[in-house]
Amino acid sequence: MAFEVREEDGRRRLKLAGRWTVAESAVLAAGAPGAAAGAPEVVFDAAGIEALDLAGAWILWQAERAARAAGGRVAWAPSRPGLLDFIDRGAAPGRAPPAGPEAPGAVVGTLAGLGESAVRAKENALDLLGFVGAVTAGAGRIAGSVKRLRLPSVVRHVYETGLTAIPIVSLIAFLIAVIVAYIGAQQLRKFGGEIFVVDLVTVSVLRELGVLLTAIIVAGRSGSAFAAEIGAMQLNDEVDALRAMGMDPVEVLVLPRILGLVVALPALTIVADAMGLAGGAILSWYLVDIPLGQYVERVQGAIGEYTFWVGLIKAPVFAALVAVVGTLRGMQVRTSSRELGRLTTAAVVQSIFLVILADAVFAVIFMELDI
């Protein structure tokens, strides 16, 4: 036993010894409280205790409580263990829970939220600025030595982001052009101007819809893939392994993806323009009875000097935005798969937002240039 009971001049002494831990708690709980009850005075001699944890202290606290409940006095030699004082504080009747932080008022809470948002915005801006600087420096090193360019990796990303995306981009561009042509025909028919459906489809697809829809599809498809791939490599310490081998992760992982998408997105835009014009041709023939020869002639007349190039110029800019945001969010993954999912979602949302914002900026610029 871990305790010994002695009767001394009307006092009962419980000489405690050995280990009073959770491993021995079942045996101790069966005997200690009963041994302490039934005497006018009980002395707990704790000098021989070798180890005491919270489970053992709880059994001693129950034994002490049983002795007092039977009308006896309790004394400790040489001193009462501190863990019993901790249990006293936790088991005190009517003990109020610890007071939590005072809820801020409406004004203070609003100002605190604005402050936190401003700090997060500053940190995100600094991360983006530092990342763009690292990408620019890496591009400069590649420009100074073409041998540093990983051409097979660039070609692979052109294939994955461009060639494999042709079916979905073609389908979306075709259907959107059909929708635009249908709505335009329904409205222009009221004024006898069905022929202008061709102009509407041509200008909207070549200047705006082709490149914008393609960039949004690529943002959801390739931007998320960039963030997920690099984020998974971060979780597996593969990026740190590249640094340990003396390789720059920006040159190995980031720049090939950016260059691949910058090459792929203009090509996808041309495909989307062609499929959009094809969709407009089919609906114009079916709904407005415009034959294919007349449609082609009208398309040539509707295309201005810069109509096609206005849309194509945007493609590399949109590609760079999508690739930079996707790779940046992937490089920011640090601790868990939950963070990987959150940053992948953020990459898609922010990429689409920046693409639409850049398109609005281009619209203002082209309006000022009268293009």
Side-chain angles (χ1 to χ4, degrees), residues 1-104 109 112-113 116 119-120 123 228 231-241 243-244 332-346:
M1 292 291 290
F3 61 90
E4 182 183 351
V5 181
R6 297 180 181 175
E7 300 291 341
E8 301 174 347
D9 300 329
R11 294 189 307 177
R12 181 173 298 173
R13 177 178 289 270
L14 269 68
K15 188 173 180 58
L16 311 176
R19 300 178 58 84
W20 288 67
T21 62
V22 67
E24 298 84 12
S25 59
V27 177
L28 296 173
E41 185 176 352
V42 180
V43 178
F44 292 90
D45 186 353
I49 294 180
E50 298 174 1
L52 179 66
D53 64 5
L54 193 58
W58 174 256
I59 295 170
L60 289 177
W61 185 82
Q62 288 182 316
E64 183 185 55
R65 186 179 180 185
R68 287 201 176 100
R73 297 187 302 273
V74 175
W76 285 87
S79 62
R80 190 171 188 257
L83 281 175
L84 273 71
D85 297 332
F86 172 76
I87 296 174
D88 285 340
R89 291 193 298 271
R95 177 175 175 267
E102 184 178 354
E116 292 176 359
V119 170
R120 285 196 299 270
E123 293 175 350
M233 295 180 71
Q234 286 276 26
L235 294 179
N236 294 330
D237 297 327
E238 296 176 47
V239 178
D240 292 335
R243 293 192 180 97
Q332 288 177 333
V333 175
R334 289 291 182 270
T335 56
S336 66
S337 56
R338 181 178 182 182
E339 188 178 29
L340 172 61
R342 181 181 66 83
L343 289 174
T344 301
T345 303

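All figures in this text were calculated on a predicted structure; none of them were measured in a lab. All heavy atoms count here, side chains included; hydrogens, waters and symmetry mates do not.
In this structure, the side chains of Ile49 and Phe44 stay at 4.5 Å or more apart for every pair of heavy atoms.
With sequence neighbours left out, the side chain to side chain contact (heavy atoms under 4.5 Å, CB included) criterion links Glu7 to Val5, Arg12. Applying the side chain to side chain donor-acceptor pair (under 3.5 Å) test to Glu50 and every residue at least two apart in sequence or in another chain returns nothing. Remark: Arg73 pairs with Glu41 by the salt bridge (charged side-chain N to carboxylate O under 4.0 Å, His left out) rule, at least two apart or across chains.
Atom CG of Asp88 and atom CZ of Arg65 lie 10.5 Å apart (nearest 0.5 Å). Considering OG of Ser79 and CG of Leu84, their distance stands at 10.5 Å, rounded to 0.5 Å. With rounding to the nearest 0.5 angstrom, the CG atom of Leu14 is 11.5 Å from the CD atom of Glu64. Note that the CG atom of Leu54 and the OG1 atom of Thr21 stand 12.0 Å from one another [nearest 0.5 Å]. Put simply, CZ on Arg13 and CD on Glu4 are 11.0 Å apart, with the number rounded to the nearest 0.5 Å. Distance check: Trp58 CH2 to Leu52 CG gives 14.0 Å after rounding to the nearest 0.5 Å.
Shortest non-hydrogen contact noted between Val22 and Asp53 is N-OD2, 2.9 Å. Across all non-hydrogen atoms, the minimal contact from Gln234 to Val333 is CB-O, 3.5 Å. Listed here is the closest heavy atom pair of Ser25 and Ala55: CB-CB, 4.5 Å. Summarising the geometry of Val43 relative to Ala77, their closest heavy-atom pair is CG1-CB, 4.4 Å, with the distance given to 0.1 Å.
Side-chain atoms of Glu339 and Ser336 include no donor-acceptor pair closer than 3.5 Å.
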